[in-house]
Amino acid sequence: MSPLANFWPDMLELLKKYRIHLVTGGVLLLAFLFYSLNLKDREHANLFERIVLNLTAPLHGGISAVNRGLAGVWNDYVDLVDVRRENKELRESVKILNGRLLESREALLANERLKKLLELKNSLHVPAQAASVIGEDGAPWFKTITINRGEADGLQEGMPVVTAEGVVGQVVKVATNSSRVLLLTDNASSVAGMIQRSRARGVIKGKGGGRCSLEFTLREEDVKVGDVVVTSGVGGIFPKGLAVGEIAMVKKGEYGIFQTIDVRPAVNITRLEEVLVLLQRREE
Amino acid sequence: MLRFVKFTFLILAALLLQVTLFPAYLRDPFKPNLLVILVAYLGLRQQSPMGGVVVFLLGLLQDCFSGLYLGLNAFTYLVTYIILRQIADRLYTDSRYLMILVVVLATFGNGLLQLPLLLLFSAAPGVYAALLPALLPQALVNALATSVLLAFTHRGGTVEQK
């Protein structure tokens with residue numbers, strides 16, 4: 001037998017023996033060829049790519065939407081946990097800031113009040129002691145207040161007590177570190193006063209309930225509603241010219257030698273917080 | 001001893017409330033007089049031999065923070081207490097309603113007792129114009145304060161019994 005007679009059976013046998021390798025190599029070669037052929041037009045999608053992209057686009061969209069939704073839920077949850085904590089912190093901050101705001105407002109108001117008191121103190125040319133109101137009378141028919149200055153600060157009974165608005169009253173009972181002040185509106189209070197415009201004189205007496213009256217003013221004296229009443233300096237307790245209030249009502253009867261005059265105090269005694277005690281002794 | 005400390009604390013708390021806290025939030029004449037309530041309570045429910053002394057001291061304390069006349073409230077509180085002691089045996093003193101009524105009457109009695117004393121012995125002749133209109137509102141506020149206090153003490157008592 002010639003050698004060629006055995007060539008084809010031997011080759012077939014060889015192919016059978018290495019068919020796996022050959023097929024694999026062929027496939028790889030085809031893939032490589034496919035790849036190399038597409039290189040020159042790599043910027044454009046070919047038919048296969050378009051089909052695949054078109055078919056998978058809705059799926060991609062759906063999956064992406066679900067994914068976004070899940071991610072959103074998760075992030076929202078995580079954010080909520082943070083937000084709750086943050087909310088708590090912010091609420092605390094708001095509380096603290098509100099407190100500071102109130103403190104600032106109070107300090108501002110106190111500053112304004114004290115500035116007025118200081119201006120008054122400088123204008124009076126009398127030694128004075130600032131005091132805070134720490135208590136009020138327990139009974140509605142007496143009008144007294146308690147202040148936080150006493151004998152240790154140089155206070156004595158009879159000293160006048162004023163604010164920037166006008167006369168408050170006078171010191172009546174002095175302890176070491178506190179004193180009581182008889183307000184202008186108490187029934188037992190009397191201050192020598194006069195009408196600023198006409199210089200008509202009288203005695204300002206308390207009537208309780210936040211009111212005063214100007215008594216012993218002669219009938220023929222010129223007194224009108226709205227006139228300002230000031231201290232006359234008579235009696236030596238209050239310096240002359242301090243505001244006491246204004247005339248609220250004038251009544252002249254047919255008989256009698258005096259007028260009936262109501263005075264509205266210049267100082268709102270229900271809102272007193274700081275006062276000035278004039279450290280002058282009663283002139284004997 | 002503990003009872004004495006408790007009662008002293010109660011008196012001081014009532015006094016401080018009356019002269020510092022109430023004036024800041026309540027307008028005249030709607031400020032309760034807690035010491036009158038204490039006097040009524042002592043007169044009706046506490047038949048202690050020291051009651052008179054305690055009531056007198058209560059009045060003196062009140063006078064230290066009210067008005068100009070030391071001894072005015074001490075006297076009127078003592079009179080109120082003695083009257084209440086005299087009639088307490090004939091009354092059902094455990095009744096809350098009676099207690100409220102007695103506080104109202106004690107407030108009126110205390111004010112009306114002060115009026116002649118002030119008119120006769122003070123330099124405040126027009127005081128009746130301030131005192132009389134304030135009596136009814138104060139009596140009503142005192143009644144309200146008493147009912148609130150009794151509600152609290154009653155609740156406290158129930159809890160203790162459990």
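In what follows, chains carry the letters A, B, and so on, assigned in the order in which the sequence lines appear, proteins first and then strands, with residues in each chain numbered from 1.
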Quick check: do T144(A) and F65(B) have side-chain heavy atoms less than 4.5 Å from each other? no
With a 4.5 Å heavy-atom cut-off, do Q138(B) and P140(A) have their side chains touching? yes
Pick from L132(B), L16(B), V127(B), L135(B): which one has the most heavy-atom pairs with chain A under 4.5 Å? V127(B)
Please classify the contact between I145(A) and chain B as side chain, backbone, both or neither, with a heavy-atom cut-off of under 4.5 Å. neither
Non-hydrogen atoms of chain A under 4.5 Å away: do they reach the side chain of L72(B), the backbone, both or neither? side chain
Under 6.0 Å from the [atom1] atom of [X], do we count more than 12 heavy atoms belonging to anything else shown?
{"X": "K252(A)", "atom1": "NZ", "value": "yes"}
{"X": "M249(A)", "atom1": "CE", "value": "yes"}
{"X": "K173(A)", "atom1": "NZ", "value": "yes"}

Which pair of heavy atoms, one from D137(A) and one from G67(B), lies closest together, and at what distance? OD2-N, 2.7 Å
Using the side chain to side chain contact (heavy atoms under 4.5 Å, CB included) rule, take W141(A) and Y128(B) through it: C-alpha gap first, then chi angles, then the decisive distance, then the call. CA-CA 9 Å; W141(A) 44 88; Y128(B) 64 89; over 6 Å; no
OG of S66(B) to NZ of K143(A), rounded to nearest 0.5 Å, is 10.5 Å
